[in-house]
Amino acid sequence: MQTTASIRFQNGASYERYMGKWSQLVGQRFLDWLAAPAQLQWLDVGCGNGAFTEMLINQCQPASVHGIDPSEPQLAYARQRPALAHVVLEQADAMALPYPDDRFDAAVMPLVIFFVPKPEQGVAEMKRVVRPGGTVSAYAWDMVGGGFPYEILLSEIRALGITIPEPSSPDASRMEVMQRLWSEAGLQDVQARAITVYRVFDDFEDFWSTALGAPSVGQTLAALSDADRTLVRERVFARLPADADGRITYSARANAIKGRVAP
């Protein structure tokens with residue numbers, strides 16, 4: 001069985017097209033559900049290239065925002081966003097947040113928990129740095145349940161017997177696992193919900209070239225023979241019906257959760 005390298009996010013611009021728009025689609029629904037008051041002090045854990053952080057600023061009107069991510073290239077892209085001019089961005093590990101206890105009013109982990117090697121430690125760290133009464137929340141693509149935005153492409157690659165790089169903790173994206181993590185961390189008033197979003201691509205070429213920007217899919221496809229790559233493309237094309245104008249509407253599903261630090 002063929003294998004490929006681990007997932008690494010090193011290109012903020014490519015990530016913006018591949019996942020940033022998906023992040024904004026689901027992030028909007030997530031923030032509506034979170035219904036957080038204005039003027040809170042926020043921590044964005046795994047802020048990446050700042051796609052969700054920008055939405056957080058525009059919608060929640062925070063008093064301050066800090067963001068951490070392990071990828072310096074992603075942070076460099078985030079620093080170029082005008083809306084993030086006053087955000088403090090640091091390279092750091094979700095399992096060892098560089099902040100004192102009770103530092104923030106709210107901590108959020110957008111599309112990240114399945115990348116954390118020890119998800120329970122990441123949740124515990126968010127709880128540690130949030131003040132009593134504050135909120136700890138997250139949303140994640142339902143990796144196990146087929147909710148990932150490009151699952152249709154991944155499934156066709158797997159059908160060839162090729163192993164695609166996976167995040168460290170895909171099981172942590174399951175609704176029941178997230179609920180257990182939040183409850184075992186001692187968070188109160190835990191609530192969860194599924195969020196389905198839709199993205200429209202101009203045509204199949206738009207979908208295909210966008211998917212090539214993924215660090216997992218792009219590298220995997222590049223390593224295939226021309227014949228296998230053509231076969232995958234043909235199979236995916238056959239599974240993506242287009243409308244009369246050639247546009248393709250594709251869905252993805254995320255699981256969201258929130259809880260409160262005990263007063």
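Numbers for residues simply follow the sequence, beginning at 1.
A donor-acceptor contact closer than 3.5 angstrom is absent between the side chains of Arg81 and Thr53.
Put simply, the side chain of Ser169 does not reach to within 4.5 Å of the side chain of Val116, judged on heavy atoms. Two residues are said to be in side-chain contact when any heavy atoms from C-beta on lie closer than 4.5 Å; Arg229 and Asp226 meet this criterion. Here the side chains of Val130 and Asp102 are not in contact, with every heavy-atom distance at 4.5 Å or above. Inter-residue side-chain proximity for Leu181 and Ile257 is flagged as unmet; no heavy-atom pair is nearer than 4.5 Å. Contact check for Ser71 versus Asn49: no side-chain heavy atoms found under the 4.5 Å cut-off. Counting heavy atoms from C-beta outward, Leu187 and Val123 have side chains that approach closer than 4.5 Å. Using a 4.5 Å cut-off on side-chain heavy atoms (C-beta onward), Val236 and Phe207 make contact. Side-chain atoms of Tyr99 and Ile68, non-hydrogen and from C-beta on, do get closer than 4.5 Å to each other.
Looking at residues two or more places apart in sequence or on another chain, you find a salt bridge (charged side-chain N to carboxylate O under 4.0 Å, His left out) between Arg253 and Asp142. For Trp208, there are no side-chain hydrogen bond (donor to acceptor under 3.5 Å, both in side chains) partners two or more places apart in sequence or in a different chain. The side chain to side chain contact (heavy atoms under 4.5 Å, CB included) check on Pro117 picks up Met95, Ser168, with sequence neighbours excluded. Qualifying ring-ring contact (aromatic ring centres under 6.0 Å, His included) partners for Phe30, counting only residues two or more places apart in sequence or in other chains: Tyr139.
Ionic pairing of Arg180 and Glu120 is not present here: no N-O contact between side-chain nitrogen and carboxylate oxygen is shorter than 4.0 angstrom.
The CD atom of Glu72 lies 11.0 Å from the CD atom of Glu90; values are rounded to the nearest 0.5 Å. Put simply, CG on Leu212 and OG1 on Thr220 are 11.0 Å apart, with the number rounded to the nearest 0.5 Å. Put simply, NZ on Lys127 and CG on Leu97 are 14.5 Å apart, with the number rounded to the nearest 0.5 Å.
Listed for the Trp141 side chain is no donor-acceptor partner under 3.5 Å among the backbone atoms of Phe114. Between the side chain of Gln188 and the main chain of Val261, no donor-acceptor pair closer than 3.5 Å is present.
Here Val144 is tied to no hydrophobic group at all, with no ILVMFWY side chain closer than 4.5 Å.
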Take Cys60 and Leu40 through the test side chain to side chain contact (heavy atoms under 4.5 Å, CB included) and record every step on the way to the result. CA-CA 8 Å; Cys60 297; Leu40 297 183; over 6 Å; no
Using side chain to side chain contact (heavy atoms under 4.5 Å, CB included), reason through Arg199 and Tyr250 one step at a time and then give a plain yes or no. CA-CA 5 Å; Arg199 179 174 174 180; Tyr250 192 76; 5.5 Å; no
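One hydrophobic cluster holds both Val26 and Leu56 under the rule that ILVMFWY side chains link at heavy-atom gaps under 4.5 Å.
Sorted by first and then second residue, the side chain to side chain donor-acceptor pair (under 3.5 Å) pairs involving residues 30-43 (not counting sequence neighbours) are Gln28-Asp32, Asp32-Gln59, Gln41-Arg103.
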